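Since the structure comes first, as structure tokens, the remarks are kept for the end.
Keep in mind that this is a model prediction, so the values were computed, not measured. In what follows, chains carry the letters A, B, and so on, assigned in the order in which the sequence lines appear, proteins first and then strands, with residues in each chain numbered from 1.
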There are 2 protein chains.
Amino acid sequence: MAFMTLPTPASVPSAARDLPHPATAEIRLEEVLHALSDPMRLIVVRNLAAAATEVACSEVPLPVSKSTTTHHFRVLREAGVISQIYRGTSKMNALRRADLEALFPGLLDRVLDAAERQAVRLGG
Amino acid sequence: MAFMTLPTPASVPSAARDLPHPATAEIRLEEVLHALSDPMRLIVVRNLAAAATEVACSEVPLPVSKSTTTHHFRVLREAGVISQIYRGTSKMNALRRADLEALFPGLLDRVLDAAERQAVRLGG
DNA sequence: GCCGTACTACGGTGTCTATCGTAGAAACCG
DNA sequence: CGGTTTCTACGATAGACACCGTAGTACGGC
């Protein structure tokens with residue numbers, strides 16, 4: 001079993017672990033809405049929308065445990081709302097803005113605006 | 001207890017059974033999104049949006065039982081998405097367009113458009 | 001090689017929910 | 001009044017889900 005010390009051939013990408021993302025055509029409106037209907041996940045999405053660059057999971061403070069945070073990020077990824085890639089020990093997250101815009105024009109922006117308005121309305 | 005046969009004074013509305021609706025300020029984005037994230041309820045909302053007038057529960061054909069249909073209409077009402085009033089033996093339903101538009105401008109229209117696009121995309 | 005950081009997988013728990021069938025209330029029609 | 005239609009309330013069930021803690025993996029730095 002000599003492959004254990006192989007010098008990482010070109011066919012093997014740098015990231016050992018690949019995360020499954022739905023293709024754009026596989027994204028379903030019901031699942032997107034469900035993903036966005038949880039308060040914790042809405043916080044995550046608003047944070048990602050406000051950030052200029054990609055954001056690590058740990059950079060989004062949620063009032064739940066680490067494992068629950070992981071769970072919410074996975075729900076968002078599996079619904080097609082965010083993309084995730086490993087970068088070092090971190091997992092970077094970004095909104096799939098272009099994909100969502102192509103499928104559901106204006107939807108994400110309206111949800112973000114609605115969330116902002118509600119946040120202001122309820123104790124800004 | 002003479003009120004049993006009172007001739008319906010002005011203070012008593014014609015409908016004996018009153019349905020609880022959330023006030024506009026009580027409507028929450030998370031609950032609206034959750035209400036819209038179910039396929040059956042999305043069918044209902046699209047039907048109501050397409051109809052010119054108010055629609056009875058029985059006029060929206062869903063592939064589920066009668067009691068399940070009742071359940072879905074109640075979820076939509078309690079989330080603030082629709083209004084319901086009894087009219088004879090029927091219960092009439094209508095979208096709370098103005099309330100939703102005031103709270104979350106453009107949201108409902110974007111969801112309806114997204115649902116339409118997805119329906120076309122997935123088997124016209 | 002060892003340690004710290006970041007995230008995950010697993011197993012468990014309590015709650016919610018989508019579904020059904022049955023039985024029944026409320027209003028209209030004859 | 002009796003029958004029909006429309007919707008509901010109840011009880012039950014199976015599955016989903018939000019949450020936790022523990023244990024473990026992968027990576028980077030020393």
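- Taking atom NZ on B:K66 and atom P on C:dG24, their separation rounds to 18 Å, with Å as the unit.
- A:A119 approaches A:R46 most closely through the heavy-atom pair CB-NH1, 3.6 Å.
- Judged by distance alone, with hydrogens and angles left aside, the side-chain atoms of B:R28 form a donor-acceptor pair with the main-chain N or O of B:E26 at under 3.5 Å.
- Among C:dC7, D:dC7, D:dC17, the nucleotide with an atom closest to any side-chain atom of B:T70 is D:dC7.
- The two residues B:I27 and B:A79 come nearest to each other via the heavy atoms CG2-O, 3.6 Å.
- In this structure, B:D18 places its CG atom 20 Å from P of C:dA25, rounding to the nearest Å.
- Note: CD1 (A:I85) to P (D:dC27) measures 13 Å, nearest angstrom.
- B:R74 has no side-chain polar atom (N or O) that falls below the 4.0 Å cut-off from OP1 or OP2 of D:dC7.
- For the atom pair CG of B:L42 and CG of B:L36, the computed distance is 6.5 Å after rounding to the nearest 0.5 Å.
- For C:dG21, the base has a donor-acceptor partner in the side chain of B:S67 [N/O atoms by modelled type, under 3.5 angstrom].
- Distances shorter than 4.0 Å separate none of the side-chain N or O atoms of A:R87 from OP1 or OP2 on D:dC27.
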For DNA chain D, just give me the dot-bracket, please: Watson-Crick or G-U, both distances below 3.5 Å, ( ) intra-strand, [ ] crossing earlier pairs, | paired with another strand, . unpaired. ||||||||||||||||||||||||||||||

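- Across the protein-nucleic acid pair, A:L62 atom CG and C:dC7 atom P stand 12 Å apart, rounded to whole Å.
- The side chain of A:T89 places no N or O atom within less than 4.0 Å of a non-bridging phosphate oxygen (OP1 or OP2) of D:dG28.
- The side chain of A:S65 contributes an N or O atom lying less than 4.0 Å from OP1 or OP2 of D:dC20.
- As a whole-Å value, the separation of B:H34 NE2 from D:dA18 P is 9 Å.
- Looking at B:R110 and A:D109, their side chains never come closer than 4.5 Å, going by heavy atoms from C-beta outward.
- Taking atom CG on B:N93 and atom P on D:dT6, their separation rounds to 14 Å, with Å as the unit.
- Listed pair B:S58 / D:dC7 meets the phosphate criterion, a side-chain N or O lying under 4.0 Å from OP1 or OP2.
- Nearest heavy atom pair, residue B:L29 against residue A:Q118, reads N-OE1, 2.7 Å.
- Residue A:H72 has a polar side-chain atom (N or O) positioned under 4.0 Å from OP1 or OP2 of D:dC19.
- Note: CZ (A:R41) to P (D:dC19) measures 8 Å, nearest angstrom.
- Summarising the geometry of B:R77 relative to B:P22, their closest heavy-atom pair is O-CD, 3.3 Å, with the distance given to 0.1 Å.
- Spacing between atom CD of B:E31 and atom C1' of C:dT17 amounts to 14 Å, rounded to whole angstrom units.
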